[in-house]
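Input: a single structure, listed below in structure tokens.
Note that the structure is predicted; figures quoted are calculated from it, not measured.
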Amino acid sequence: MPRWLVLLAVALLVRALTFGNPILHVDEEFYFATAQAIARGAIPYIDVWDRKPVGLFLLYLPAGALGLPLGIWAYQAMALASVTATATLIARLADRAGWARGALPAAIAYLLWLNLLEGEGGQTPVFYNLLMVAAAGLLAPRPDDATQATRRLLYGCRAFALVGLALQIKYTVLFEGLFFGLAWMWREARLGRAWWRVALSAIPLAALAALPTLAVWNWFWAHGYGDAFLYANFESIGARGGDPMARELGNLALMALVVSPLAAMAILGVRGPAWNGTPVLRRWLLGWAIVATLGVLVFRGYFDHYALPLLVPFCIAAAGFFADHRRAKQIRGPLLVSVLLASQVVLLVKRHERGTPAEFAAVTHAIGNGPGCLYVFSGSPMLYPAAERCAVTRYRFPRHIGQARERGAIGADQQGELERIMALRPAIVVLGRTYSGERADLRALFERFVAMHYRPRADLPLGTGRIAVYARR
């Protein structure tokens, strides 16, 4: 059986519980909702606001255009294909490093660990990891590099074109891209090229990496939205506040706990015996893993899915452990089976906490799809495309208005925007449970408004919380 087919079968097994579920994670719910709005004519950052690159929403665009329920299956099928391809390329790089015996277990480990870090659906790294591992496969050292100058440049151009596309899914790949570029330049210099020639050769590579983002900015600038693009994509990131230090450290500790087995295997793998190996490539892989880790630490927050980019270099290096370590044969089977079971338990727990498709359908039915607009103060952004009602704000990710860390970072005053929404008197409003970091003053203001002008329509369970739906009197 071809290796990719084995990996596809594993991916189907470990993700089966998620298929067709529209509320896997609030992030991808919003990506889908935004993509559907764009498919119907909305302009990113103008009619619907977020700070993610527009390439992410274009990636979701085919699924958004299909609507519910087909669009949910479509983006999850795209994610399934992406993780299978990523795992296949992980195995190929492991082969090149001399770890062929551990390549398949390492690739399977990637598929399993995704579920432990919110990667069971369509989180951004699920897609850009594929682009980055493909770029790594082009750039990673080969034994005959010294005699293949043309190939080195050609592969470099292809690789940085891929990095450029990855940047338009999420800008955090910048750190890995910088490592790829500096490693490419270092190798060129070590092979005897003058530094000025290396620098000149690097210019087209950097241009290719920047080209997609520059092209998008040029489109917005040409249509009069250049300032809005720059603020949303870059300035707002620095303006956003942080979570309390205790919470961030707790998130970091949990992330480290989940990733630590892979990190330990990666260290043991890179430092293992040079069985049929390529030491230069192994050092390159170790450098990639270190830089990816630094990139995660710099951006703080430390939510589970922030660690997803680490899985690629860690799993490639862990192939060395599976291939060479004296205890690998005894533990790799029980380890992978244990992680498989843990991943399914995690999915079941999340389904219990976040809600089932049936519960979400009941909330959608209570909202209805009649005339009048919808406003979700707190709750799932997926309610917008599910209810097929118009929106009264460009801030369709509820926490942009309600979360304290977003104060002064969305291009509008949060209370002012909420008051503008209330003045429009949307036909239906939705109020979910409170959450950590929510602005209590804005919730109290909105609750007073609802009590004065709305009547309860439904109060329904969604996971471990409840969703209240109100209709205008």
Side-chain angles (χ1 to χ4, degrees), residues 10-36 50 52 56-57 59-64 66-84 86 110-130 169-170 254-255 258 303-309 311 340 342-364 376 378-387 396-399 430 432-433 435 461-465 467:
V10 174
L12 284 167
L13 172 65
V14 301
R15 301 167 80 86
L17 288 174
T18 69
F19 294 147
N21 188 349
I23 49 172
L24 291 181
H25 192 279
V26 67
D27 286 352
E28 55 203 79
E29 294 165 34
F30 176 68
Y31 305 153
F32 183 93
T34 303
Q36 187 187 70
D50 194 46
K52 298 289 192 305
L56 170 63
F57 304 119
L59 180 67
Y60 267 79
L61 192 59
L66 287 172
L68 277 76
L70 287 180
I72 302 301
W73 288 90
Y75 95 77
Q76 291 172 355
M78 291 165 56
L80 174 70
S82 183
V83 300
T84 303
T86 303
Y110 175 75
L111 298 173
L112 300 181
W113 251 271
L114 285 170
N115 285 9
L116 304 182
L117 294 166
E118 301 285 9
E120 68 274 13
Q123 278 287 359
T124 52
V126 163
F127 298 107
Y128 72 68
N129 276 356
L130 173 58
I169 297 177
K170 197 166 185 181
L254 180 60
M255 181 193 298
V258 175
F303 300 109
D304 293 354
H305 56 281
Y306 284 16
L308 289 173
L311 297 185
L340 169 63
S343 74
Q344 299 308 292
V345 170
V346 167
L347 293 185
L348 291 171
V349 170
K350 289 176 184 176
R351 188 182 180 94
H352 170 72
E353 292 178 346
R354 296 172 183 175
T356 66
E359 290 174 338
F360 180 77
V363 175
T364 302
V376 181
S378 60
S380 170
M382 191 64 83
L383 291 172
Y384 285 109
R396 302 186 196 186
F397 190 77
R399 296 193 180 197
V430 173
R433 62 183 177 183
Y435 55 88
L462 189 62
T464 55
I467 295 288

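Lys350 places a side-chain heavy atom less than 4.5 Å from the side chain of Val346. Asp50 is listed as a side-chain neighbour of Phe57, based on a closest heavy-atom distance under 4.5 Å. Two residues are said to be in side-chain contact when any heavy atoms from C-beta on lie closer than 4.5 Å; Leu117 and His305 fail this criterion. By the 4.5 Å heavy-atom criterion applied to side chains, Asn129 and Pro309 are counted as neighbours. Residues Ser380 and Val26 form no side-chain contact, since every pair of their non-hydrogen atoms from C-beta on lies 4.5 Å or further apart. Residues Lys52 and Tyr31 meet the side-chain proximity criterion, which asks for heavy atoms closer than 4.5 Å.
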query: Is there a salt bridge (Lys or Arg N to Asp or Glu O under 4.0 Å) between Glu28 and Arg354 once you walk through the steps?
result: CA-CA 14 Å; Glu28 55 203 79; Arg354 296 172 183 175; over 6 Å; no
task: Apply side chain to side chain contact (heavy atoms under 4.5 Å, CB included) to the pair Leu114 and Leu311, showing each step before the final yes or no.
output: CA-CA 8 Å; Leu114 285 170; Leu311 297 185; 3.9 Å; yes
query: Can you check side chain to side chain contact (heavy atoms under 4.5 Å, CB included) on Arg433 and Leu462, steps first, answer last?
result: CA-CA 10 Å; Arg433 62 183 177 183; Leu462 189 62; over 6 Å; no
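Once rounded to the nearest 0.5 Å, the distance linking CG of Leu66 with OH of Tyr75 reads 13.5 Å. Taken to the nearest 0.5 Å, the CG atom of Leu308 stands 8.5 Å off from the CD atom of Glu118. In this structure, the separation between CG on Leu254 and CZ on Phe303 is 12.0 Å, given to the nearest 0.5 Å. Interatomic distance, Gln123 CD to Ile169 CD1, rounded to the nearest 0.5 Å: 12.5 Å. Rounding to the nearest 0.5 angstrom, the gap separating the CG atom in Leu59 from the OH atom in Tyr128 is 13.0 Å. Taken to the nearest 0.5 Å, the CG atom of Leu340 stands 11.5 Å off from the CH2 atom of Trp113.
When all heavy atoms of Thr364 and Ala386 are compared, the closest pair comes out as CG2-O, 3.5 Å. A pairwise comparison of heavy atoms in Ile467 and Gly379 identifies CD1-CA, 4.3 Å as the closest pair. Contact detail for Leu80 and Ala11: the closest heavy-atom pair is CD1-CB, 3.6 Å. When all heavy atoms of Leu112 and Ser343 are compared, the closest pair comes out as O-CB, 3.9 Å.
Remark: Phe30 pairs with Phe397 by the ring pair (Phe, Tyr, Trp, His ring centres under 6.0 Å) rule, at least two apart or across chains. The side-chain hydrogen bond (donor to acceptor under 3.5 Å, both in side chains) check on Tyr60 picks up nothing, with sequence neighbours excluded. Scanning for side-chain contact (heavy atoms from CB on, under 4.5 Å) contacts around Pro385 gives Phe32, Ala33, Gln36, Leu68, Met382, with sequence neighbours left out. Shown here are the side-chain contact (heavy atoms from CB on, under 4.5 Å) partners of Ser378, two or more places apart in sequence or in another chain: Leu431, Tyr435, Glu438, Arg443. Taking Glu359 as the reference, nothing meets the salt bridge (Lys or Arg N to Asp or Glu O under 4.0 Å) condition, with sequence neighbours excluded.
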Please list, one pair per line, the donor and acceptor atoms closer than 3.5 Å that link side chains of residues 13-23 to other protein atoms, with sequence neighbours excluded.
from: Arg15; atom 1: NH1; to: Gly119; atom 2: O; distance (Å): 3.0
from: Arg15; atom 1: NH2; to: Glu120; atom 2: O; distance (Å): 3.0
from: Arg15; atom 1: NH2; to: Gly121; atom 2: O; distance (Å): 2.8
from: Thr18; atom 1: OG1; to: Arg15; atom 2: O; distance (Å): 2.6
from: Asn21; atom 1: OD1; to: Ile23; atom 2: N; distance (Å): 3.0

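Side-chain atoms of Thr86 come within 3.5 Å of backbone N or O of Ser82 as a donor-acceptor pair.
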